[in-house]
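Here the structure is laid out as structure tokens; the discussion comes afterwards.
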Amino acid sequence: MKEGFSMIRILVNGASGRMGSEVVRALVNEKDLSLVAAVDPKQAGKDAGEVAGIAANGIKIVATLEEGFLSKPDVVVDFTTPKVIFENAKKVLNAKIHIVIGTTGLTEEQRKALSEISEKTGANALIAPNFSLGAVLLMKASAEISKYLPNAEIIELHHNNKLDAPSGTAKLTAEKMAQVRTLDMLEDKTSESLEGARGGKYKGIHIHSVRLPGFVAHQEVIFGGFGEVLTIRHDSMNRTSFMPGVMIACRKVASVHGVTYGLEKYL
Ligand code: NAP
């Protein structure tokens, strides 16, 4: 373990997954962040470094969060699955530990429930559907553009192992656009002869989810105006693109009160 006066102690939940192991690798290079525990039920007993494809780091993966808490983490980073994230987050906040949540799938209701726990225990959370700085900027730009070009559709493209659809980023983008939209959207007159052909509708915006091998995480927002179309697109080429955002979140979560939704609020 790295030593230092203001070291932030990190537990990675889902440590042997694609994102969790990327976090384990990224932490090696951070002077003020130290991996103290790794949780992933099916890999329990193995060395977290070796599982992440780097040198052994002496951190044995454990099966439960409760075992991980024995290492006294300051912050839990969660990249598990939509099925377990709500229970995980409740456990972490109830243990008075801050949590950085990358796992998608939390509903608005669940986020509210987590806020209530956070108020009671004083532990904070950041829920970020997308840790990539480019994706955060795409959301910001989309909100700005939708003030002038309210008609828009979102296409999000991910690898075929992604468990949920649409992506949390697509929904958050639509939410941000809807919050600032003041001009009326023109309704299309289309009726579907194939169910789902127009995608899902969220906050008035059609979202189309593509799932194919080869993709990592990509999103396009297409704005239609009178005689003009504006498209903006973001591509995460690999999972290292998420790491600077995760590291910012680990450093900041202790000082931002309550449950925060979206990395942009930390920037
Ligand atoms: P993944 O490769 O399937 O990793 C998830 C890991 O969590 C697996 O190792 C899984 O183990 C483990 N796990 C399952 N249940 C657990 C539990 N109760 N406690 C601890 N670990 C548990 O998935 P991924 O691609 O890393 O993605 C993880 C999540 O992050 C997804 O929701 C994804 O959409 C999201 N994501 C977010 C961002 C962002 O920027 N916010 C970026 C990419 C992905 P088993 O496989 O053995 O069950």
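Every number for a ligand or one of its atoms is a count from 1 in the order of the listing. Basis for what follows: all heavy atoms, side chains included, without hydrogens, waters or symmetry-related copies.
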What about [X]: any of its N or O atoms under 3.5 Å from an N or O on ligand 1?
X      : answer
Ala128 : yes
Arg239 : no
Gly17  : yes
Pro82  : no
Met19  : yes
Asp40  : yes

- Below 4.0 angstrom from a heavy atom of Ser16, which ligand 1 atoms are there? Numbered from 1 as shown, please. 9 (O)

- Query: Any idea which atoms of ligand 1 are less than 4.0 Å away from a heavy-atom of Lys162?
  - Reply: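 Those atoms are 34 (O).
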
- Message: Looking at ligand 1, would Ala217 count as a contact under a 4.0 Å heavy-atom criterion?
- Response: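 It does not; every heavy atom stays at 4.0 Å or beyond.
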
- For atom NZ of Lys96, is the number of surrounding heavy atoms from other residues, nucleotides or ligands below 6.0 Å larger than 12?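 No, not enclosed.
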
- Over 12 foreign heavy atoms within 6.0 Å of CG, Asp184: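 For Asp184, atom CG is not crowded (no more than 12 foreign heavy atoms under 6.0 Å).
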
Closest non-hydrogen protein atom to [atom], residue and atom name please, with distance?
atom                    : value
atom 37 (C) of ligand 1 : Gly102 O, 3.0 Å
atom 14 (C) of ligand 1 : Thr81 CG2, 3.9 Å
atom 33 (C) of ligand 1 : Thr104 OG1, 4.0 Å
atom 45 (P) of ligand 1 : Lys42 NZ, 4.0 Å
atom 39 (C) of ligand 1 : Pro129 O, 3.4 Å
atom 20 (C) of ligand 1 : Asn13 OD1, 3.1 Å
atom 15 (N) of ligand 1 : Val84 CG2, 4.0 Å

- Determine, stepwise, if the pair Thr173 / Gln219 fulfils side-chain hydrogen bond (donor to acceptor under 3.5 Å, both in side chains). CA-CA 10 Å; Thr173 308; Gln219 179 168 296; 2.9 Å; yes

Is any side-chain heavy atom of [Y] closer than 4.5 Å to one of [X]?
X      : Y      : value
Leu133 : Leu267 : yes
Met247 : Arg251 : yes
Phe215 : Asp235 : no

- Query: Considering the options Asp78, Val259, Leu126, which one meets the side-chain contact (heavy atoms from CB on, under 4.5 Å) requirement together with Ile99?
  - Reply: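 Result for side-chain contact (heavy atoms from CB on, under 4.5 Å) with Ile99: Asp78.
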
Classify the contact between [X] and ligand 1 as side chain, backbone, both or neither, using a heavy-atom distance cut-off of under 4.0 Å.
X      : value
Ser167 : neither
Thr103 : both
Thr80  : both
Arg18  : both
Phe131 : both
Lys83  : neither

Hey, is the main chain of [Y] close enough, under 3.5 Å, to the side chain of [X] for a donor-acceptor pair?
X      : Y      : result
Asp32  : Met7   : no
Asn130 : Thr169 : no
Arg25  : Ile54  : no
Glu228 : Gly225 : no

- Please identify each residue that fulfils side chain to side chain contact (heavy atoms under 4.5 Å, CB included) with Ala44, with sequence neighbours left out.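 Residues passing side chain to side chain contact (heavy atoms under 4.5 Å, CB included) with Ala44: Ala63.
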
- Message: Please determine whether side-chain hydrogen bond (donor to acceptor under 3.5 Å, both in side chains) holds for the pair Thr80 and Asn13, giving the CA-CA distance in whole Å, both sets of side-chain angles, and the decisive distance to 0.1 Å.
- Response: CA-CA 7 Å; Thr80 56; Asn13 198 24; 4.7 Å; no

